[in-house]
Amino acid sequence: MARVVGIDHLVIRVSNYEKSKAFYGRLFEFLGFEVSDEYADAIGWTNGKTRFWIGPAEAGARRKYRIGDVGFHHYAFQLRSRRDVDALQAFLEAEGVTIVDPAGEYYDDYYAVFFLDPDGLKLEGMKYGERLAQAARRKAAARRARSARR
């Protein structure tokens, strides 16, 4: 049986290639990605673990994406910390990017900010499990301290 070991890349089509290239270029520079390859009709960025590509949509396919349509819902970038989520929101605000759901707790220990690309595709910066991991570290430290006193 074949086993998936990760998501290698995502490719999206955009209505205005130059506008989206500039948007994603600034976003990915902020997120620590670099251009992996660039062609006349496509560009890809990588952080060494995943790749994200854009290319122009076919002529005539110029309508913006509407959340709720069949297909793509959103793409989430897992960040190192809640602080990084807050930093991403500050970056997005400075860039004038549409934030649809501001940085906050959306599920138990799931902290995220949701925003739109130039075509209305929903993107997310998120951190899951940070509070739980901190609590586990505190609990382990307390156990070690109790053991050391014995």
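When a residue number appears, it is its place in the shown sequence, counting from 1.
For Glu29, the CD atom is loosely surrounded, since the number of other residues' heavy atoms within 6.0 Å does not exceed 12. Heavy-atom neighbours of Arg83 CZ from other residues, nucleotides or ligands within 6.0 Å: at or below the threshold of 12. Around CZ of Phe91, the count of heavy atoms belonging to other residues, nucleotides or ligands within 6.0 Å exceeds 12.
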Could you please spell out the steps behind the side-chain contact (heavy atoms from CB on, under 4.5 Å) verdict for Leu121 and Ile12?
CA-CA 9 Å; Leu121 295 174; Ile12 62 169; 3.6 Å; yes
Checking salt bridge (Lys or Arg N to Asp or Glu O under 4.0 Å) for the pair Glu105/Arg82: CA distance, chi angles, key distance, verdict?
CA-CA 10 Å; Glu105 192 88 10; Arg82 289 169 175 248; 2.7 Å; yes
Are Tyr24 and Asp117 close enough, and set up right, to give a side-chain hydrogen bond (donor to acceptor under 3.5 Å, both in side chains), and what steps lead you there?
CA-CA 8 Å; Tyr24 281 106; Asp117 86 343; 2.7 Å; yes
Can Leu31 and Leu79 be said to form a side-chain contact (heavy atoms from CB on, under 4.5 Å), step by step?
CA-CA 9 Å; Leu31 293 175; Leu79 303 177; 4.0 Å; yes
Full working for side-chain contact (heavy atoms from CB on, under 4.5 Å) between Ile99 and Gln89
CA-CA 8 Å; Ile99 296 172; Gln89 178 165 315; 3.7 Å; yes
Between Glu58 and Arg13, does the salt bridge (Lys or Arg N to Asp or Glu O under 4.0 Å) criterion hold? Intermediate values first, please.
CA-CA 8 Å; Glu58 293 178 359; Arg13 297 290 177 206; over 6 Å; no
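Proximity of Leu88 to Phe30: side-chain heavy atoms (C-beta onward) are separated by under 4.5 Å at one or more points. Side-chain contact between Pro118 and Asn16 is absent, with no heavy atoms from C-beta onward closer than 4.5 Å. In this structure, Phe114 and Pro102 have side chains that are not in contact, with every pair of non-hydrogen atoms separated by 4.5 Å or more. Proximity of Tyr110 to Met126: side-chain heavy atoms (C-beta onward) are separated by under 4.5 Å at one or more points. Side-chain atoms of Ile43 and Ile54, non-hydrogen and from C-beta on, do get closer than 4.5 Å to each other.
Between Phe52 and Phe33, the distance from one ring center to the other does not fall under 6.0 angstrom. Between Tyr107 and Tyr128, the ring centre distance reaches or exceeds 6.0 Å.
Ring geometry for Phe28 versus Phe77: interplanar angle over 60°, hence perpendicular rather than tilted (30 to 60°).
Interatomic distance, Gln78 CD to Lys127 NZ, rounded to the nearest 0.5 Å: 5.5 Å.
Among all heavy-atom pairs drawn from Ser20 and Val14, the shortest one is OG-CB, 3.5 Å. Nearest heavy-atom pair across Tyr75 and Thr50 is OH-OG1, 3.7 Å.
By the 6.0 Å and 45° rule, Lys122 does not stack over the aromatic ring of Phe115.
By the criterion of side-chain heavy atoms lying less than 4.5 angstrom apart, applied directly or through intervening Ile, Leu, Val, Met, Phe, Trp or Tyr residues, Phe23 is not grouped with Trp53; the two fall into different hydrophobic clusters. Under a hydrophobic-cluster definition in which Ile, Leu, Val, Met, Phe, Trp and Tyr are linked whenever side-chain heavy atoms come within less than 4.5 Å, directly or via other members, Val11 and Tyr17 are assigned to different clusters. Residues Val85 and Tyr106 share a hydrophobic cluster, clusters being chains of Ile/Leu/Val/Met/Phe/Trp/Tyr side chains in contact below 4.5 Å.
For the residue pair Tyr111/Asp86, the side-chain donor-acceptor check at 3.5 Å is satisfied.
Exactly one residue among Asp8, Thr46, Asp37 makes a side chain to side chain donor-acceptor pair (under 3.5 Å) with Arg51. That residue is Asp8.
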